[in-house]
Amino acid sequence: MSEMMAKPEAYFRRMLPKRSALLHALEEEARREEIPIVGPVVGELLYVLARATGAARILELGTATGYSAIFLAEACAATGGHLTAMEVDETMARRAAANLASAGLTQWAEVKCVNALEEMARIVEPLDFIFMDIEKEDYLTMLPHCARVLRTGGFLLADNVGFADADAFNRAIVKDPAWRTVSLFAFLPEHSPEKDGLCLAVRV
Ligand SMILES: C[S@@+](CC[C@H](N)C(=O)[O-])C[C@H]1O[C@@H](n2cnc3c(N)ncnc32)[C@H](O)[C@@H]1O
């Protein structure tokens with residue numbers, strides 16, 4: 001039988017997806033300013049999942065400088081979809097909008113400077129895909145909103161569910177009949193942090 005890689009973390013660190021100079025610059029900036037971005041593995045995962053699910057109406061909760069939003073907006077550009085990215089911090093929201101513009105993705109994405117906890121209550125149109133990356137203690141509050149706005153078959157990815165503050169969310173979603181869900185604990189090179197949990201869920 002074939003053996004496992006001797007040094008799987010070093011090996012998979014060499015397997016990072018190719019990405020643009022802009023994304024490399026945003027990674028470098030995030031390191032410098034200690035901005036917790038998803039990094040290239042989860043970024044590319046977002047692109048792959050958005051394309052694979054054919055998502056046209058995508059919502060991001062927690063955008064920071066727009067790094068993850070760029071991957072989602074790239075998927076929208078390929079399918080004619082649209083990303084709404086919510087960010088509560090005004091400076092971050094401005095930076096995200098500027099970075100999406102630098103990536104040539106303005107047509108496919110809009111950054112709203114809002115508190116997602118309040119704004120979610122106002123959404124009435126059905127969505128296909130939600131990426132959640134706000135404060136982890138707020139994930140549980142957002143869960144019923146996500147269930148309400150996602151269409152049946154819609155997809156939710158929650159980042160950083162390895163954080164203790166996500167415990168209540170993790171326990172709730174796994175027994176909630178509104179969802180089929182899987183929580184993964186993974187090695188995610190250049191993610192903040194590099195070993196963390198991801199929750200993937202479909203609205204049933
Ligand atoms: C982990 S960072 C997002 C990183 C980004 N998704 C990426 O990977 O490029 C979390 C962001 O969520 C924002 N945030 C926190 N609570 C929020 C809320 N209630 N509504 C909107 N944004 C929020 C913070 O200001 C911060 O910029």
Side-chain angles (χ1 to χ4, degrees), residues 16-17 19-50 55 58-76 83-103 105 108-123 127 129-146 149 155-166 168-169 186 188-200:
L16 294 184
R19 52 219 188 269
S20 65
L22 173 63
L23 287 169
H24 276 288
L26 292 181
E27 289 165 18
E28 184 49 44
E29 177 189 76
R31 270 192 289 276
R32 222 172 35 241
E33 298 185 27
E34 297 183 4
I35 300 166
I37 60 167
V38 294
V41 175
V42 174
E44 196 68 8
L45 180 66
L46 286 169
Y47 178 86
V48 167
L49 289 171
I58 302 181
L59 176 65
E60 177 177 81
L61 307 170
T63 300
T65 55
Y67 180 88
S68 52
I70 288 174
F71 289 89
L72 289 169
E74 280 175 345
C76 291
L83 168 70
T84 301
M86 294 185 183
E87 170 54 53
V88 73
D89 181 286
E90 219 174 288
T91 308
M92 284 294 180
R94 261 201 304 274
R95 287 169 69 173
N99 287 328
L100 283 158
S102 298
L105 293 166
W108 314 104
E110 164 196 20
V111 181
K112 284 188 170 180
C113 183
V114 288
N115 184 337
L117 294 168
E118 294 162 6
E119 194 66 14
M120 270 298 259
R122 298 195 187 101
I123 297 179
L127 301 177
F129 191 114
I130 298 176
F131 173 52
M132 181 152 68
D133 197 13
I134 56 174
E135 299 301 326
K136 311 317 152 192
E137 66 261 29
D138 292 331
Y139 281 15
L140 183 62
T141 307
M142 290 304 246
L143 188 57
H145 288 295
C146 292
V149 301
F155 184 81
L156 170 68
L157 176 63
D159 192 34
N160 302 123
V161 299
F163 279 71
D165 280 347
F169 167 84
L188 305 166
E190 298 188 36
H191 179 267
S192 176
E194 288 202 325
K195 287 180 185 165
D196 201 351
L198 297 175
C199 176
L200 287 74

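For ligands, and for the atoms within them, numbers begin at 1 and follow the listed sequence.
Among protein heavy atoms, atom 17 (C) of ligand 1 sits closest to Ile134 CG2, 3.6 Å. Closest to atom 9 (O) of ligand 1 among all protein heavy atoms lies Ser68 N, 3.1 Å.
Which parts of ligand 1 touch Ala64 is read off a 4.0 Å heavy-atom cut-off, strictly below it: atoms 3 (C), 4 (C), 27 (O). The distance from ligand 1 to the heavy atoms of Pro36 drops below 4.0 Å at these ligand atoms: 1 (C), 2 (S), 4 (C). Numbered from 1 in the order shown, with element, the atoms of ligand 1 that lie under 4.0 Å from a heavy atom of Ala116 read 18 (C), 19 (N), 20 (N), 21 (C). The atoms of ligand 1 that sit less than 4.0 Å from any heavy atom of Tyr67 are 9 (O). With ligand atoms numbered from 1 in the order given, ligand 1 contributes 20 (N), 21 (C) to contacts under 4.0 Å with heavy atoms of Val114. For ligand 1, the atoms sitting less than 4.0 Å from at least one non-hydrogen atom of Thr63 are 5 (C), 9 (O), numbered in the order shown with element in parentheses.
Residue contacts with ligand 1: Val88 is placed with a nitrogen or oxygen under 3.5 Å of a nitrogen or oxygen of the ligand (distance criterion only). Looking at ligand 1, you'll find an N or O of Gly62 within less than 3.5 Å of one of its N or O atoms. Residue contacts with ligand 1: Asn115 is placed with a nitrogen or oxygen under 3.5 Å of a nitrogen or oxygen of the ligand (distance criterion only). Residue contacts with ligand 1: Val38 is placed with a nitrogen or oxygen under 3.5 Å of a nitrogen or oxygen of the ligand (distance criterion only). Considering backbone and side-chain atoms together, Gly66 places no N or O closer than 3.5 Å to any N or O of ligand 1. Geometrically, ligand 1 and Asp133 share a nitrogen or oxygen pair separated by less than 3.5 Å. The shortest N or O to N or O distance between Lys136 and ligand 1 is not below 3.5 Å.
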Does the salt bridge (charged side-chain N to carboxylate O under 4.0 Å, His left out) test come out yes or no for Glu74 and Arg19, once each step is laid out? CA-CA 12 Å; Glu74 280 175 345; Arg19 52 219 188 269; over 6 Å; no

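Within 6.0 Å of atom CD in Glu34, 12 or fewer heavy atoms from other residues, nucleotides or ligands are found, so the atom counts as exposed in its surroundings. More than 12 heavy atoms of other residues, nucleotides or ligands lie within 6.0 Å of CD in Glu28, so this atom counts as buried by the packing criterion.
Between Arg94 and Glu90 there is a salt bridge, with a side-chain nitrogen of the basic residue lying less than 4.0 Å from a carboxylate oxygen of the acidic one.
No donor-acceptor pair closer than 3.5 Å links the side chain of Asp133 to the backbone N or O of Leu157. Side chain of Asn99 to main chain of Thr65: a donor-acceptor pair is present (N/O by atom type, distance under 3.5 Å, no hydrogens or angles). Checking side-chain atoms of Glu87 against main-chain N and O of Ala64 turns up a donor-acceptor pair under 3.5 Å. The backbone N or O of Asp165 lies less than 3.5 Å from no partner atom in the side chain of Tyr139, so there is not a single donor-acceptor pair. At least one donor-acceptor pair closer than 3.5 Å links the side chain of Asp89 to the backbone N or O of Met92.
Here the side chains of Pro193 and Leu188 are not in contact, with every heavy-atom distance at 4.5 Å or above. Tyr67 has its side chain out of reach of Ile35: every pair of non-hydrogen atoms, C-beta onward, lies at least 4.5 Å apart.
Counting heavy atoms under 4.0 Å from ligand 1, residue Ile35 does not touch it at all. Proximity of Val42 to ligand 1, defined as any heavy-atom pair under 4.0 Å, is not found for any part of the residue.
The shortest heavy-atom distance from Leu26 to ligand 1 is not under 4.0 Å.
The closest non-hydrogen atom to atom 27 (O) of ligand 1, taken over Glu60, Met92, Glu87, comes from Glu87.
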List the atom pairs, donor and acceptor, that lie under 3.5 Å between side-chain atoms in residues 112-122 and the rest of the protein, sequence neighbours left out.
unit_1	atom_1	unit_2	atom_2	d
Asn115	OD1	Leu117	N	2.9
Glu119	OE1	Arg122	NH1	2.7

